[in-house]
J.: 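Got a structure here, written out as structure tokens. Questions coming.
Atoms within a ligand are numbered from 1 in the order they appear, just like the ligands themselves. Every heavy atom of this structure was used, including side-chain atoms; hydrogens, water molecules and symmetry mates were not. Residues take their numbers from the sequence shown, with the count starting at 1.
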Amino acid sequence: MTTHTPRTKDGLRGDGQAPPDGSPREADTAVRPRRAEISNLEIVDHYFSVAAERLGLRDDIAAVLRSSYREMQVQIPVKLSDGKIHVFSGYRVQHNGARGPYKGGIRFHPEVDLDEIRALASLMTWKTAVVGIPYGGAKGGVNCPAEELTDDELETVARMFVDRVDRLLGPTRDIPAPDVNTNAQTMAWMMDEYGKLHGYSPACVTGKPIALEGSYGREAATGRGLIYLLREVAPRLELTPSTTRLVVQGFGNVGSWAARIAAQLGCRVVGISDAGGAVTNPNGIDVEELYAHVREGGRITEFPNVEPIDPDELLQLECDVFIPAALGGMIHKDNADLLNCRLVIEGANSPTTPAADEILADKGILVVPDVLANAGGVIVSYFEWVQNLQHFRWDEREVNDRLGTIIRKAFREVSARAGDGGSSLRLAAYELGIERVVEAATVRGYIS
Ligand code: GLU
């Protein structure tokens, strides 16, 4: 029986040790302020419906695209260190596969349920279409309290999940990746388990450790993509790196990489939060040092030269760019008005509710939506898959350059469409994504 070592909310164990491979988990998971009352499914469904209506999409086709192609729910019984068997639920939802094999992460979080996974699977369909990579959309999850589990327990959950959804997976069928509370180590266990059943197949999951045919640049990719887009938008707002002040909500994998890369460019990161609290320094936080401090088990609120603030205050900090990189629904009708920035770049999936989106538009805040902004992760997942299929490796520079090319092109296409139609970037992105999926489904003969 394993000893029970509780984890802190930032992906570090309660004993201050980093996760086994040392890599941070995909997102920071329990950051105040409180989340919206509206569910992720309602949020995504709303944006889909508005875009579908603007496109004049036929009702019967919209009904196909609103629902999932296949949904699987499985039982994950695990004996934990309290000596009892705990029965968790595992889900894999394949939303739409018209454009290629299903693709999307797997999250471990107690709030995971079928509706949330449905919403996130459909977001992956639009995301892969918006950036033009040949995948459909999927998502998976297990409703386990990942932050309280030991590494042995997490390994059991990961392996059992693969055993139970095995028939859906495979390099040409459905390719999982990390998401909230899962990381390269989780993917290594999953690849190993899949390999026991099917033989060595690194292309069966992405986001793996470098030692197991993972791709250089994958861990940083989502954060790097956000900053590529910041650089793309900056001239519109007459921002240069030295004049850009950034606030980052969430210091997990996405938030920490975004903050570090922005700081390397010369931007000033004036506010950061994680599950343990929030801090500010109007002159700029030393993000690299903060990252090292957190990796060593330190709390952000105990870091030198920062002022601890209430996490609710983080949204009100005066800045140019606000990056939500925690869970969905963090910017909602009761707090959107407090934002004191000019640009929101959505690192998390579904961080802004429709009501908040309208408030931000009224305030003149430009929003780069999740389906475009955080696509860097799945773009480099695509590169990892391509490399794995050839058992070949690109260097990091090549990965980063190709990521920049793809995400900038997608941004320009979405912007052009938003400009032409007078719509938000979010609606333009959804419209573009929906059109591409409809076109693929039509030429395949799925819909007519
Ligand atoms: N979980 C990430 C996302 O939501 C990455 C998915 C992937 O790489 O397949 O985009």
J.: Which atoms of ligand 1 are found less than 4.0 Å from any heavy atom of Met124?
T.: 3 (C), 4 (O), 6 (C), 10 (O)

J.: Look only at interatomic distance and state if Asn349 has a nitrogen or oxygen under 3.5 Å from any nitrogen or oxygen of ligand 1.
T.: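 It does: an N or O of Asn349 is found under 3.5 Å from an N or O of ligand 1.
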
J.: Quick one: sort the Tyr291 and Phe251 rings into parallel, tilted or perpendicular, breaks at 30° and 60°.
T.: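 The arrangement is perpendicular - the two ring planes meet at more than 60°.
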
J.: Taking only heavy atoms of Lys127 into account, list the atoms of ligand 1 that are under 4.0 Å away from them.
T.: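 Those atoms are 3 (C), 4 (O), 10 (O).
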
J.: Touching ligand 1 at all, Gly207? Heavy atoms, strictly under 4.0 Å?
T.: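 No, Gly207 has no heavy atoms under 4.0 Å from ligand 1.
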
J.: Are His198 and Asp166 close enough, and set up right, to give a side-chain hydrogen bond (donor to acceptor under 3.5 Å, both in side chains), and what steps lead you there?
T.: CA-CA 10 Å; His198 302 276; Asp166 165 63; 2.6 Å; yes

J.: Apply the test side-chain contact (heavy atoms from CB on, under 4.5 Å) to residues Arg92 and Ile106: give CA-CA distance (whole Å), side-chain angles for both, the deciding distance (0.1 Å), then the verdict.
T.: CA-CA 8 Å; Arg92 186 70 181 169; Ile106 295 179; 3.6 Å; yes

J.: Just to be sure I'm reading this right: ignoring hydrogens, which of Pro178, Gly377, Gly104 gets closest to atom 2 (C) of ligand 1? Compare them by their nearest heavy atoms.
T.: Pro178

J.: Below 4.0 Å, non-hydrogen atoms only: which portion of Lys139 touches ligand 1? Side chain, backbone, both or neither.
T.: side chain

J.: Could you check whether Trp126 and Phe48 have their ring centres less than 6.0 Å apart?
T.: yes

J.: Check whether any N or O atom of Thr206, backbone or side chain, sits under 3.5 Å from an N or O atom of ligand 1, and answer yes or no.
T.: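 Between Thr206 and ligand 1 (N or O atoms, distance only) the closest approach is not under 3.5 Å.
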
J.: Please tell me whether Phe383 and Trp394 form a close aromatic pair, meaning their ring centres lie under 6.0 Å apart.
T.: yes

J.: Using the side-chain hydrogen bond (donor to acceptor under 3.5 Å, both in side chains) definition, which of the options Asn40, Asn374, Asp370 pairs with Asn349?
T.: Asn374

J.: side-chain contact (heavy atoms from CB on, under 4.5 Å), that's the test. Do Leu229 and Leu372 meet it? Break it down for me.
T.: CA-CA 9 Å; Leu229 293 183; Leu372 170 63; 4.1 Å; yes

J.: Residue-level breakdown please: for Arg218 versus ligand 1, do any non-hydrogen atoms fall below 4.0 Å on the side chain, on the backbone, on both, or on neither?
T.: side chain

J.: When you compare ligand 1 with Ala177, is there at least one nitrogen or oxygen pair between them that comes in under 3.5 angstrom?
T.: no

